[in-house]
Amino acid sequence: MVNWGELEKRFTERLGLGRRPVAVTFLDTEPAGIPKFSGTEPAGCSFWRLAANGRAFYTVPADHFNCAVGAYTHNVQLPPDRVQETETMLGMMFNLGYVAPEEVPGIPRLPKEPAAIAFAPLGDAPMPPSVVIFALKSSASMLLNEAAIRAGANSSLPLLGRPSCMALPAALAHGTVSTLGCIGNRVYTGLGADEMYVVVPGAKLEAVSNALGIIATANTTLEEFARGRQASLSTM
């Protein structure tokens with residue numbers, strides 16, 4: 001059985017994490033042994049913030065109705081009286097020039113609506129995660145990306161952008177992805193101006209952690225080597 005607490009500790013030490021990685025599990029039934037979310041949030045990515053701050057809980061589709069875009073990427077079916085919200089939101093984005101209509105079909109989505117979605121800090125994960133979300137400085141993103149490549153857990157997708165939530169189905173389907181996020185996500189999660197996300201499939205997490213140990217050590221050695229060359233060869 002995986003020791004999620006030890007795994008989080010290793011990632012935190014090697015990446016210098018400032019916030020806890022978030023384990024997300026897509027479920028076919030509501031789970032036992034973990035609290036059901038109570039309250040409202042403006043978007044599905046708001047739950048990332050709650051989990052990074054130490055809460056473990058699960059949501060049901062209705063908890064995601066407030067964000068039409070997030071509902072779309074997670075294949076959450078809005079009720080008839082709220083279906084128009086997706087068109088309204090997309091219409092606003094189209095009018096602003098934020099998204100072009102032809103981009104929408106290419107946005108990754110979950111293949112089916114989950115009955116529940118569990119969120120928790122990685123170290124407190126009550127079940128194996130479908131994906132794990134890392135909020136990172138760019139230098140740490142480099143290390144985690146290199147570790148994913150070494151572990152054979154990377155995807156061929158380019159750097160992702162808006163919406164941030166599409167990174168979860170993208171990672172689940174293709175492998176580790178990196179995303180610069182989006183403005184809504186940055187507001188709802190408090191992501192720093194100098195931070196971005198790397199999302200790792202849960203099934204590949206241990207392999208990526210093992211590779212990260214090698215990559216972090218190699219980068220330390222290569223940094224010393226590069227600094228020596230900079231000092232000895234640079235004339236400007």
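Start at 1 with the first residue, then count along the sequence. What's counted below: heavy atoms across the whole structure, side chains too, no hydrogens, waters or symmetry copies.
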Positive for side chain to side chain contact (heavy atoms under 4.5 Å, CB included) with Ser178, one of Leu159, Leu160, Leu136
Leu159
salt_bridge(Lys137, Glu195) N-O dist < 4.0 Å
no
Check: Arg186 side chain, Gly192 main-chain N or O, donor-acceptor pair, under 3.5 Å
yes
If we ignore hydrogens and angles and just use 3.5 Å, is the side chain of Ser234 paired with the main-chain N or O of Ala231 as donor and acceptor?
no
Measuring centre to centre across the rings, with the benzene-like ring taken for any Trp, is Phe37 within less than 6.0 Å of Tyr58?
no
Test item: Ser155 side-chain N/O and Ala171 main-chain N/O as donor-acceptor pair under 3.5 Å:
no
Give the intermediate values and the outcome of side chain to side chain contact (heavy atoms under 4.5 Å, CB included) for residues Ser130 and Val24.
CA-CA 6 Å; Ser130 301; Val24 181; 5.8 Å; no
Looking just at side-chain N and O atoms, do Thr73 and Arg109 make a donor-acceptor pair shorter than 3.5 Å?
no
Aromatic rings Phe119 and Phe57: how do their planes relate, parallel, tilted or perpendicular, breaks at 30° and 60°?
parallel
Hey, do the aromatic rings of Phe134 and Tyr197 have their centres closer than 6.0 Å?
no
Give a yes or no answer on whether the side chain of Gln77 reaches the backbone of Asn75 with a donor-acceptor pair at less than 3.5 Å.
yes
Could you check whether Lys36 pairs with Asp63 (Lys NZ or Arg NE/NH1/NH2 to Asp/Glu carboxylate O, under 4.0 Å)?
no
Among Gln230, Glu223, Glu224, find the one that has a side chain to side chain donor-acceptor pair (under 3.5 Å) with Arg227.
Glu223
Please check if the side chain of Asn185 supplies one atom and the backbone of Ser164 the other of a donor-acceptor pair under 3.5 Å.
no
Quick check with a 6.0 Å cut-off and a 45 degree axis cone: is Arg49 positioned over the face of Tyr188's six-membered ring?
no
Between Arg20 and Asp124, is the closest basic N to carboxylate O distance under 4.0 Å?
yes
Quick check against the 3.5 Å criterion: does Thr176 have a side-chain atom that pairs as donor or acceptor with the backbone of Asn154?
no
Are Phe26 and Leu172 close enough that some pair of their side-chain heavy atoms sits under 4.5 Å apart?
yes
When you look at Leu122 and Leu205, which way does the side chain to side chain contact (heavy atoms under 4.5 Å, CB included) test go after all the steps?
CA-CA 11 Å; Leu122 174 59; Leu205 199 63; 3.8 Å; yes
Donor-acceptor check, side chain of Arg55 to backbone of Pro121, threshold 3.5 angstrom: yes or no?
no
When you compare the side chains of Ser156 and His174, does any donor N or O come within less than 3.5 Å of an acceptor on the partner?
no
Check the side chains of Arg150 and Asn145 for a donor-acceptor pair under 3.5 angstrom, ignoring hydrogens and angles.
no
